[in-house]
Amino acid sequence: DMPSIQRSSSPLPKGEPIQPVSPVIRSSPDHIRQTAFLSTQLCNFYPYQLDFVQIFPGMVIVLLSEIPRANHASSLCQLLRLLTDLLSGQKSQVQRVQGHVLYDLINTLLVKLATAMKKAKGNIERILEDIRRRWDNAEFKSSLLSYLEQGAGTEIPPGAERSLTGLHRKVKELFLHLYLYPYDIPPAVSQAMTSICEKAKVKLFDYKDYLSVKSQRNIVMTSYLDAFPGLVHFIYIDRRTNQLTAPSLNITDEGENHDATQFLKDKIWNMTCWMYGKLAEGVTVATAREGDYHYSYFMWFTDYQGAPKQIQEAYQEGDVSIPPGILSGQFYSSLKRHCFPNCLPGSVNCYELIMMHVGLVNVQYIFTHRQMLAKQFFEASGDTQMNLVL
């Protein structure tokens with residue numbers, strides 16, 4: 001599976017808030033940089049830099065590169081998770097280990113970070129010294145060890161809680177300075193990106209006009225109006241290949257109609273976020289009416305022949321720790337493993353359909369449109385049959 005992208009606006013476990021920093025940097029009119037955190041086998045929030053470079057009008061190349069000191073993210077995330085767990089009072093991850101062992105584990109992580117960044121200067125050096133000073137406090141150590149040696153359910157002493165909260169805040173501040181503040185791109189990386197963009201321009205030059213037209217008018221909504229009256233927009237996703245199909249929303253580039261296009265885009269993405277929130281709660285079919293529009297979301301499963309499959313194990317909120325989303329392919333892989341524990345890997349397919357109708361359309365027609373659209377795209381994929389049953 002492709003690693004899932006985490007939004008860089010909230011890369012840290014819950015706790016005391018820190019000052020937000022915008023992760024988007026516009027280096028030039030044709031170049032935007034943004035921090036993204038990918039979920040990998042070693043770290044749930046591994047930091048990368050995304051560079052969006054326009055190589056031709058309407059054509060953007062996306063470059064992915066590691067952020068300097070990214071290899072420390074795993075230790076930082078593990079440390080933050082342990083501190084968050086202690087502050088919650090649950091000790092859920094460490095119930096079976098002795099207090100001294102947990103203390104030594106946190107100390108080992110802190111020493112590892114300090115050793116790896118011993119040449120750091122400026123704010124990072126200052127934060128590391130502050131973290132070490134807080135951790136080495138004898139009174140705090142005694143109070144913390146006493147708490148760790150208690151049984152589950154014991155309340156953390158107020159003094160130890162205050163010290164842990166301060167330590168937790170400083171570790172988050174270190175994460176912030178390492179991965180979310182702007183930094184200078186190493187010359188070697190900058191040269192490599194320039195070389196890649198130049199090569200892409202040469203390779204795509206003969207096709208740029210064709211691709212530009214294709215991107216704007218690949219699928220137009222007008223071709224669906226006769227068969228699907230009242231349908232304003234839809235997003236169909238085949239999770240076998242993580243391929244998304246959606247019609248163009250570019251009404252025009254001039255005047256008030258451009259504002260109308262942006263209005264529709266905002267409506268669609270806001271409702272899509274809401275629908276994925278319902279999916280995270282275990283809801284696979286949802287409809288909602290807001291203003292002049294009716295929104296609907298459907299997710300279903302089939303076997304390799306397209307026949308519908310009934311869920312074997314019910315899905316509830318929290319069963320899958322990864323949040324759902326357009327780019328979160330790993331969520332659906334985990335969801336299939338949870339809902340179909342007795343099926344062979346790859347034998348269950350997953351599909352999603354998000355639709356936007358005018359508010360006057362009856363719910364009965366929305367469900368009919370769902371069946372018709374799903375069948376149409378399934379057949380277009382090269383498969384020969386599909387029996388849709390709600």
Item checked: Partners meeting ring-ring contact (aromatic ring centres under 6.0 Å, His included) with Y332 (sequence neighbours left out) ->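 Y332: no ring-ring contact (aromatic ring centres under 6.0 Å, His included) contacts found.
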
Got [X] and [Y] here, is their nearest side-chain heavy-atom distance under 4.5 Å?
X	Y	result
R134	F140	no
Y236	Q243	no
H369	H357	yes
L105	L82	yes
L102	L86	yes
K203	E198	no
V361	I366	yes
F228	L373	yes

Does [X] come within less than 4.0 Å of [Y], counting only side-chain N to carboxylate O?
X	Y	answer
D130	K170	yes
R337	E313	no
K118	E125	no

Hey, is the main chain of [Y] close enough, under 3.5 Å, to the side chain of [X] for a donor-acceptor pair?
X	Y	result
S190	P186	no
K336	V348	yes
S142	A138	no
S347	C343	no
S334	Q330	yes
H233	I354	no

Note to self: Are there over 12 heavy-atom neighbours, none belonging to D266, within less than 6.0 Å of that residue's CG?
What the structure shows: yes

Notebook entry, point to check: For atom NZ of K267, is the number of surrounding heavy atoms from other residues, nucleotides or ligands below 6.0 Å larger than 12?
Noted result: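 Enclosed: over 12 neighbouring heavy atoms sit under 6.0 Å from NZ of K267.
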
Group every Ile, Leu, Val, Met, Phe, Trp and Tyr by side-chain heavy-atom contacts under 4.5 Å, then state whether [X] and [Y] land in the same group.
X	Y	value
L174	V111	no
Y210	M59	yes
Y181	M117	yes
L279	V283	no
M271	F263	yes

Output the distance between atom [atom1] ([X]) and atom [atom2] ([Y]), rounded to the nearest 0.5 Å.
X	Y	atom1	atom2	result
L50	S65	CG	OG	8.0 Å
W135	Y103	CH2	OH	4.5 Å
D238	N349	CG	CG	7.0 Å
K172	L83	NZ	CG	10.5 Å
F367	T287	CZ	OG1	6.0 Å
L360	D292	CG	CG	8.5 Å

Next item on the list: Show your working on side-chain contact (heavy atoms from CB on, under 4.5 Å) between L353 and W300 and close with a plain yes or no.
Entry: CA-CA 9 Å; L353 180 62; W300 66 97; 3.9 Å; yes

Might you point out which heavy atoms bring [X] and [Y] nearest each other, and give the distance in Å?
X	Y	result
A73	P47	CB-CD, 3.4 Å
L76	L178	CD1-CD1, 3.6 Å
G359	R289	O-NH1, 3.2 Å
I268	M356	CG1-SD, 3.5 Å
F56	Q54	O-CG, 3.0 Å
Q310	F340	O-CE2, 3.3 Å

Item checked: For S146, side chain to side chain contact (heavy atoms under 4.5 Å, CB included) partners two or more places apart -> Q150

Check: Is the NZ or CZ atom of K208 both under 6.0 Å from the centre of the six-membered ring of F205 and within 45° of that ring's axis?
Finding: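 Yes, K208 lies over the aromatic ring of F205.
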
Check: Among side-chain atoms of T165 and R162, is any donor-acceptor pair under 3.5 angstrom?
Finding: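 Side chains of T165 and R162: no pair found under 3.5 Å.
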
Notebook entry, point to check: Does the side chain of N242 pick up a donor-acceptor pair with the side chain of R239 at under 3.5 Å?
Noted result: yes

Checklist line | Pair E352-I235, side-chain contact (heavy atoms from CB on, under 4.5 Å): steps then yes or no | finding: CA-CA 8 Å; E352 292 179 286; I235 300 173; over 6 Å; no

Check: Which is it for I124 and R69 under the side-chain contact (heavy atoms from CB on, under 4.5 Å) test, yes or no, and what are the steps along the way?
Finding: CA-CA 12 Å; I124 295 177; R69 297 195 177 103; 3.6 Å; yes

Notebook entry, point to check: When you look at R132 and E129, which way does the salt bridge (Lys or Arg N to Asp or Glu O under 4.0 Å) test go after all the steps?
Noted result: CA-CA 5 Å; R132 173 51 63 182; E129 291 176 352; over 6 Å; no

Is it the case that the ring center of [Y] lies less than 6.0 angstrom away from the ring center of [X]?
X	Y	result
Y224	F234	yes
Y351	F301	no
Y46	Y179	no

Notebook entry, point to check: Taking it one step at a time, do F331 and Y276 satisfy ring-ring contact (aromatic ring centres under 6.0 Å, His included)?
Noted result: CA-CA 11 Å; F331 168 84; Y276 278 132; 8.2 Å; no

Check: Between L113 and H72, does a side-chain contact (heavy atoms from CB on, under 4.5 Å) hold up when you go through it step by step?
Finding: CA-CA 7 Å; L113 288 168; H72 306 319; 3.9 Å; yes

